[in-house]
J.: 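Here's a structure for you.
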There are 2 protein chains.
Amino acid sequence: MNNSRFPVSLHILTLLNDAKGTLVSSEYLAGSININPALVRKEIMNLRKHGFVNSKEGKGGGSFLAKNAADINLGEVYKAVKNSDILGRNKNEPNPKCPIGKQINQHLNTLYSDVESTLIMNLSKQTLADFALKFK
Amino acid sequence: MNNSRFPVSLHILTLLNDAKGTLVSSEYLAGSININPALVRKEIMNLRKHGFVNSKEGKGGGSFLAKNAADINLGEVYKAVKNSDILGRNKNEPNPKCPIGKQINQHLNTLYSDVESTLIMNLSKQTLADFALKFK
DNA sequence: TGTACTGTAATAAAAATAATTACAGAATGA
DNA sequence: TCATTCTGTAATTATTTTTATTACAGTACA
C-alpha cells in the first residue's frame with residue numbers, strides 16, 4: 001500500500017461517525033484530512049458502493065454513515081479500498097524458462113492469500129466504533 | 001506496498017538457496033526475475049546489509065546465502081525491505097484544528113504497529129527453507 | 001593483462017498517485 | 001423561479017514513486 005486510501009477512508013468514516021448522522025460536506029472532510037475535495041468525493045463513492053455511507057445531493061447535502069459504527073469493522077474497510085498485493089508484486093513476468101521463476105508467482109499467491117486473510121481477521125476485530133472511542 | 005522489493009528479495013533468496021552455495025551472478029538473477037541487473041545488485045546490497053547473503057567481487061563472482069535457509073524467516077525478510085506503512089499513509093498533515101484530524105495519526109500509528117507486528121509474527125512462521133520446499 | 005564480475009551513482013523513463021479544474025445535475029430556500 | 005450550494009463525475013495536469021538504463025571504477029581470476 002503506497003497510497004493513502006485506507007487512512008483517508010478511515011478518516012472519513014471517523015468524521016462521519018463523529019457527526020452523529022448530520023450531513024458532512026466533502027469540503028469539510030477534505031479540510032480535516034487535508035486533501036482535495038474531489039478525491040474525497042471519489043473515495044466516498046467507493047465507501048457508498050460498499051454500503052458504509054450514504055450521501056445527499058444538492059444544497060445542504062453531504063454524507064453520513066449508512067450503518068451503525070459498531071457494524072463496520074476495519075477488515076471490511078481494508079477490503080473496500082485494497083487494490084494491490086499486500087506485500088507487493090513484480091510487474092514483469094518472471095522467466096518461464098527458469099525452474100524457480102516459472103513457479104514463484106504461484107507460491108507467492110498462496111503466501112499472500114494466507115498472510116492477507118490473517119491480516120483481515122486481525123483488522124476485523126476492531127470496529128469503527130472501537131476506533132472512534134479512542135478519540136478524546 | 002506498491003513496490004516489488006519483497007517478492008524480488010524472496011525470489012533472489014530462493015534462487016540462491018537453489019544454487020546450494022555456488023555463486024550466482026546478478027545477471028542470472030535478473031534474468032530469472034526479469035528485472036534490471038543493477039536493481040538486483042541494489043537489492044542484494046540490502047540483503048547483505050541484513051546478513052542474509054554474501055557476495056564475491058570480480059570475475060566468476062556472484063552471491064550466495066550467508067546463512068542456512070532454515071535460519072532465514074520471511075518476517076525478517078519483510079522487515080529488511082519494508083519502507084512504508086503497511087496500510088498506507090496520507091502524506092499531508094491532517095488539519096490540527098480539527099479534533100479528529102489532530103489525533104488520527106496517533107491512533108493510526110497504534111493500529112498499524114499492532115497490525116504489522118501480527119503480520120510479521122505470521123510471516124515469521126515460515127522460513128526460506130519452508131518456502132523453497134514448495135518448488136518442485 | 002584482458003575479461004567478467006560487483007559496487008555504486010547518476011540519469012531517464014514509466015507508472016502510480018494526488019491535485020486541479022470544470023461542469024452538469026440535484027436540492028434548497030428566498 | 002432562480003440563485004446558491006452541494007454532489008457526481010470526468011478530464012487534465014502535476015507530483016511522487018518506482019523501475020530501467022547507462023556508465024564506470026574497482027576487484028578477482030586465469
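Any value given below was found using the heavy atoms of this structure, including those in side chains, with hydrogens, waters and symmetry copies removed. Below, read A as the first sequence line, B as the second, and so on, with proteins coming before strands; counting in each chain starts at 1.
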J.: CG of B:L47 versus P of C:dG7: gap in Å, rounded?
T.: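 Taking atom P of C:dG7 as the reference, CG of B:L47 is at 12 Å.
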
J.: For the pair made of CZ in B:R89 and P in C:dA18, what is the distance, rounded to whole Å?
T.: 14 Å

J.: Using whole Å, report how far CZ of B:R48 lies from P of C:dT6.
T.: 10 Å

J.: Please step through side-chain contact (heavy atoms from CB on, under 4.5 Å) for the pair B:R5 and B:N83, ending with a clear verdict.
T.: CA-CA 9 Å; B:R5 294 191 59 200; B:N83 61 353; 3.9 Å; yes

J.: Bend angle of the helix from C:dT1-D:dA30 to C:dA30-D:dT1 from five-pair axes at both ends, rounded to 10°?
T.: 0°

J.: More than 12 heavy atoms of other residues, nucleotides or ligands under 6.0 Å from OH of B:Y28: is that the case?
T.: no

J.: How is B:K42 classified with respect to the nucleic acid when contacts are heavy atoms under 4.0 Å: base, sugar-phosphate, or nothing?
T.: nothing

J.: Do B:R48 and B:S55 have side-chain atoms, one donor and one acceptor, less than 3.5 Å apart?
T.: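 A donor-acceptor contact under 3.5 Å links the two side chains.
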
J.: What integer distance in Å separates B:L39:CG from C:dA10:C1'?
T.: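 Taking CG of B:L39 and C1' of C:dA10, I get 14 Å after rounding.
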
J.: Does C:dT6 have OP1 or OP2 under 4.0 Å away from a side-chain N or O of B:S26?
T.: yes

J.: Using whole Å, what does the distance between atom C1' of nucleotide C:dT6 and atom OH of B:Y28 come to?
T.: 19 Å

J.: Side chains of A:N122 and B:T118: do they bring a donor and an acceptor to under 3.5 Å?
T.: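 Side-chain D/A pair, A:N122 to B:T118: present.
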
J.: Please determine, for the side chain of A:A38, which listed nucleotide (C:dT20, C:dT17, C:dT6) has the closest atom?
T.: C:dT20

J.: Is any side-chain nitrogen or oxygen of A:R5 closer than 4.0 Å to OP1 or OP2 of C:dT17?
T.: no

J.: Can you tell me how far P of C:dA19 sits from CD1 of A:I33, to the nearest Å?
T.: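 Going from CD1 in A:I33 over to P in C:dA19 covers 10 Å.
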
J.: Let me know the distance between NZ of A:K91 and C1' of C:dA15, rounded to the nearest Å.
T.: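 These atoms are roughly 8 Å apart.
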
J.: Both A:I35 and A:G60 contact DNA chain C. Which one's nearest nucleotide lies toward the 5' end?
T.: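 The residue whose closest nucleotide sits nearer the 5' end is A:I35.
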
J.: Quick one: how far along DNA chain D does chain A reach, first to last nucleotide 5' to 3', anything under 4.0 Å to a heavy atom?
T.: D:dT4 to D:dA20

J.: Quick one: label B:L23 by what it contacts on the DNA or RNA (base, sugar-phosphate, nothing), any heavy atom closer than 4.0 Å.
T.: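 The answer is nothing, as B:L23 stays clear of every strand by at least 4.0 Å.
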
J.: Just to confirm, is there a sub-4.0 Å distance from OP1 or OP2 of C:dA16 to any side-chain nitrogen or oxygen of A:N83?
T.: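 Looking at the OP1 and OP2 atoms of C:dA16, neither is under 4.0 Å from any side-chain N or O of A:N83.
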
J.: Run the salt bridge (charged side-chain N to carboxylate O under 4.0 Å, His left out) check on A:R89 and A:D85 step by step: do they pass?
T.: CA-CA 6 Å; A:R89 191 69 78 157; A:D85 288 292; 3.2 Å; yes

J.: Looking across every strand, which nucleic acid part, if any, lies under 4.0 Å from B:G58 by heavy atom: base, sugar-phosphate, or nothing?
T.: base

J.: Are A:S4 and C:dA18 close enough that a side-chain N or O sits under 4.0 Å from OP1 or OP2?
T.: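 It does, given that an N or O in the side chain of A:S4 lies less than 4.0 Å from OP1 or OP2 of C:dA18.
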
J.: Would you please say whether a donor-acceptor pair under 3.5 Å links the side chains of B:N95 and A:S32?
T.: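 Per modelled atom types, B:N95 and A:S32 side chains form no pair under 3.5 Å.
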
J.: Considering heavy-atom distances to DNA chain C, does B:I44 or A:N34 have its closest nucleotide positioned more toward the 5' end?
T.: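 First, find each residue's nearest nucleotide; the 5'-ward one identifies B:I44.
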
J.: Tell me if the OH atom of A:Y112 is crowded by more than 12 foreign heavy atoms within 6.0 Å.
T.: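 Yes, enclosed.
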
J.: Give a yes or no on whether the backbone of A:E76 and the side-chain of A:N73 come within a donor-acceptor separation of less than 3.5 Å.
T.: yes

J.: So, OP1 or OP2 of C:dA18: does either fall under 4.0 Å of a side-chain N or O from A:N36?
T.: no

J.: Would you say the side-chain atoms of B:N90 pair up with the backbone N or O of A:V8, donor to acceptor, closer than 3.5 Å?
T.: no

J.: Heavy atoms from C-beta onward define the side chain here; which of C:dT6, C:dT28, C:dG2 lies closest to that of B:K59?
T.: C:dG2

J.: Take the protein atom CG of A:N92 and the nucleotide atom P of C:dA13, then report the distance between them rounded to whole Å.
T.: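 Those two atoms, CG and P, are 18 Å apart.
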
J.: For A:K42, does the NZ atom have more than 12 heavy-atom neighbours from other residues, nucleotides or ligands under 6.0 Å away?
T.: no

